[in-house]
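Just so you know, these numbers come straight off a predicted model, no measurement behind them.
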Amino acid sequence: MTAAQGDGQLKYQRIADALRAAIASGEYGPGDRLPGENELMATYQVARMTARQALGVLRSEGIAEARKGAGVFVRTFRPIRRHGIQRLARDGWGTGQSVWEADVGAGRELVVDSVVVRQEPATEGVASVLGLEPGDPVCVRGRRFVLDGKPVLLAVSHLPASLVAGTAIAEEDSGPGGIYARLAELGQAPAHFREEIRCRMPTTAEAKQLQLSSGTPVVLVCRTAFTAEGRAVEVNEMTLDASSYILEYDFDA
């Protein structure tokens with residue numbers, strides 16, 4: 001890297017820092033338009049690419065969003081606080097509530113705008129968790145969740161087809177309380193959950209489905225539901241827009 005390149009990099013970082021501070025102080029509030037490339041070029045005496053990179057930093061952090069033909073604006077979207085433990089309590093789904101209700105709170109609308117239910121052969125990884133042979137049939141439920149008009153989550157559940165065939169779990173609408181309530185009706189109620197979490201950059205398909213800004217990572221949550229007897233009855237692979245979520249875990253010592 002040349003000295004000029006290094007200096008240019010520091011400039012865009014300094015501009016991004018200044019804009020971030022202005023947002024934090026309230027100078028620019030949710031929904032406000034940020035200075036455009038031309039304004040930043042004039043104010044900071046930098047090249048267009050440097051101004052563009054500065055705005056790109058805020059977009060990649062989820063602080064700002066671009067609106068085609070209008071500019072870059074401070075995001076108005078409020079993060080989702082995902083309560084990792086309380087959301088799965090039986091006194092929620094067991095009384096007909098969705099596990100997602102604990103995340104969004106009152107006054108916000110969470111919509112499942114796409115549900116695809118199909119049967120397919122189990123992959124080696126899914127089969128090993130569910131106690132099946134690779135290629136055994138599994139019921140696959142794919143959903144996209146949209147909050148306040150913004151896609152935030154992709155979820156794909158895998159359940160043994162032999163267990164759920166002919167039930168509401170194999171239908172698009174699984175009914176009040178979702179698939180956990182239906183599993184309880186089958187005598188296979190989830191009693192224990194395990195979640196594994198990691199982060200990475202999205203695939204092209206994921207970025208398109210979640211409408212992610214360039215540079216925005218995703219959080220991957222793989223949850224397995226077990227019965228009281230220790231049988232795994234569901235593997236749920238979730239892909240979260242990292243800029244939309246706060247993961248919260250509240251438990252006693």
For this session: Would you check if H192 and T224 make a side-chain contact, meaning some heavy-atom pair closer than 4.5 Å?
Result: no
Exercise. Can you tell me how far CE of M201 sits from OG1 of T216, rounded to the nearest 0.5 angstrom?
Worked result: 7.0 Å
For this session: List the steps, then state whether side-chain contact (heavy atoms from CB on, under 4.5 Å) holds for L159 with L183.
Result: CA-CA 10 Å; L159 305 99; L183 285 170; 4.1 Å; yes
For this session: Examine V140 and V126 and state if one hydrophobic cluster contains both, with Ile, Leu, Val, Met, Phe, Trp and Tyr joined whenever side-chain heavy atoms are less than 4.5 Å apart.
Result: yes
Exercise. For the residue pair A225 and P190, what are the closest heavy atoms and their distance?
Worked result: CB-CB, 4.1 Å
Seminar exercise, completed: Heavy-atom nearest pair, P151 first then G149, reads CD-O, 4.0 Å
For this session: Indicate yes or no: at least one non-hydrogen side-chain atom of R82 is less than 4.5 angstrom from one of V221.
Result: yes
Exercise. Is it the case that more than 12 heavy atoms not belonging to E133 sit under 6.0 Å from its CD atom?
Worked result: no
Exercise. Around Y249, counting heavy atoms of other residues, nucleotides and ligands shown, do more than 12 lie under 6.0 Å from its OH?
Worked result: yes
Exercise. What's the spacing between L210 CG and R144 CZ if we round to 0.5 Å?
Worked result: 7.5 Å
Exercise. Linking I/L/V/M/F/W/Y whenever any side-chain heavy atoms sit under 4.5 Å apart, do L19 and Y12 land together?
Worked result: no
Exercise. So, R143 versus S157: side-chain donor-acceptor pair below 3.5 Å or not?
Worked result: yes
Exercise. At what distance, to the nearest 0.5 angstrom, does CG of L153 lie from OH of Y245?
Worked result: 4.5 Å
Exercise. Can a salt bridge be assigned to the pair R231 and E229 using a cut-off of 4.0 Å between side-chain N and carboxylate O?
Worked result: no
Exercise. What are the two closest non-hydrogen atoms of F73 and R67, and how far apart are they?
Worked result: CD1-CD, 3.5 Å
For this session: Flag the pair E171 and R182 as a salt bridge only when some basic side-chain nitrogen lies within less than 4.0 angstrom of an acidic carboxylate oxygen.
Result: no
For this session: Measure from the side-chain N and O atoms of R118 to the backbone N and O of G142, and report whether any donor-acceptor pair falls under 3.5 Å.
Result: no
For this session: Report yes or no: does R141 contribute a side-chain atom to a donor-acceptor pair with the main-chain N or O of E172 at less than 3.5 Å?
Result: yes
Problem set entry | Minimum heavy-atom distance between A64 and V72, given as atom pair plus value | CB-CG1, 3.6 Å
Problem set entry | Whether Q45 side chain and A42 backbone form a donor-acceptor pair below 3.5 Å | yes
For this session: Could you check if a side-chain atom of L240 sits within less than 4.5 angstrom of a side-chain atom of L247, using non-hydrogen atoms only?
Result: yes
Exercise. Should R48 and N38 be marked as a side-chain contact (heavy atoms from CB on, under 4.5 Å) after you check the CA-CA gap, both sets of side-chain angles, and the distance that decides it?
Worked result: CA-CA 7 Å; R48 183 173 300 279; N38 290 338; 2.8 Å; yes
Exercise. Can you find a pair of side-chain heavy atoms, one from T43 and one from I15, that are under 4.5 Å apart?
Worked result: no
For this session: Report yes or no: do V233 and L186 belong to one cluster of Ile/Leu/Val/Met/Phe/Trp/Tyr joined by side chain heavy-atom distances under 4.5 Å?
Result: yes
Exercise. So H158 and T123, side-chain contact (heavy atoms from CB on, under 4.5 Å) or not? Walk me through it.
Worked result: CA-CA 10 Å; H158 308 260; T123 63; over 6 Å; no
For this session: State plainly whether one hydrophobic cluster holds both V152 and I197, where clusters connect Ile, Leu, Val, Met, Phe, Trp and Tyr through side-chain heavy atoms under 4.5 angstrom apart.
Result: yes
For this session: To the nearest 0.5 Å, tell me how far F193 CZ sits from N236 CG.
Result: 10.0 Å
Exercise. Which heavy atom in S244 sits nearest to a heavy atom in R75, and how many Å separate them?
Worked result: OG-NH2, 3.8 Å
Problem set entry | Cluster check M238, V111: I/L/V/M/F/W/Y, side chain < 4.5 angstrom | no
For this session: Taking the side chain as every heavy atom from C-beta outward, state whether K11 and Y44 have any atom pair closer than 4.5 Å.
Result: no
Exercise. Can you tell me how far the CD atom of Q188 sits from the CD1 atom of I179, to the nearest 0.5 Å?
Worked result: 13.0 Å
For this session: Output all residues satisfying side chain to side chain contact (heavy atoms under 4.5 Å, CB included) with E206, sequence neighbours left out; order by chain, then residue number.
Result: L154, R200, P202, T203, V218, T239
Exercise. What's the shortest heavy-atom distance between A51 and L40, and which atoms?
Worked result: CB-CB, 3.8 Å
Problem set entry | Nearest-0.5 Å distance that lies between atom CG in L55 and atom OG1 in T50 | 11.0 Å
Exercise. Can we say D17 and R20 salt-bridge, meaning some charged N sits less than 4.0 Å from an Asp/Glu carboxylate O?
Worked result: yes
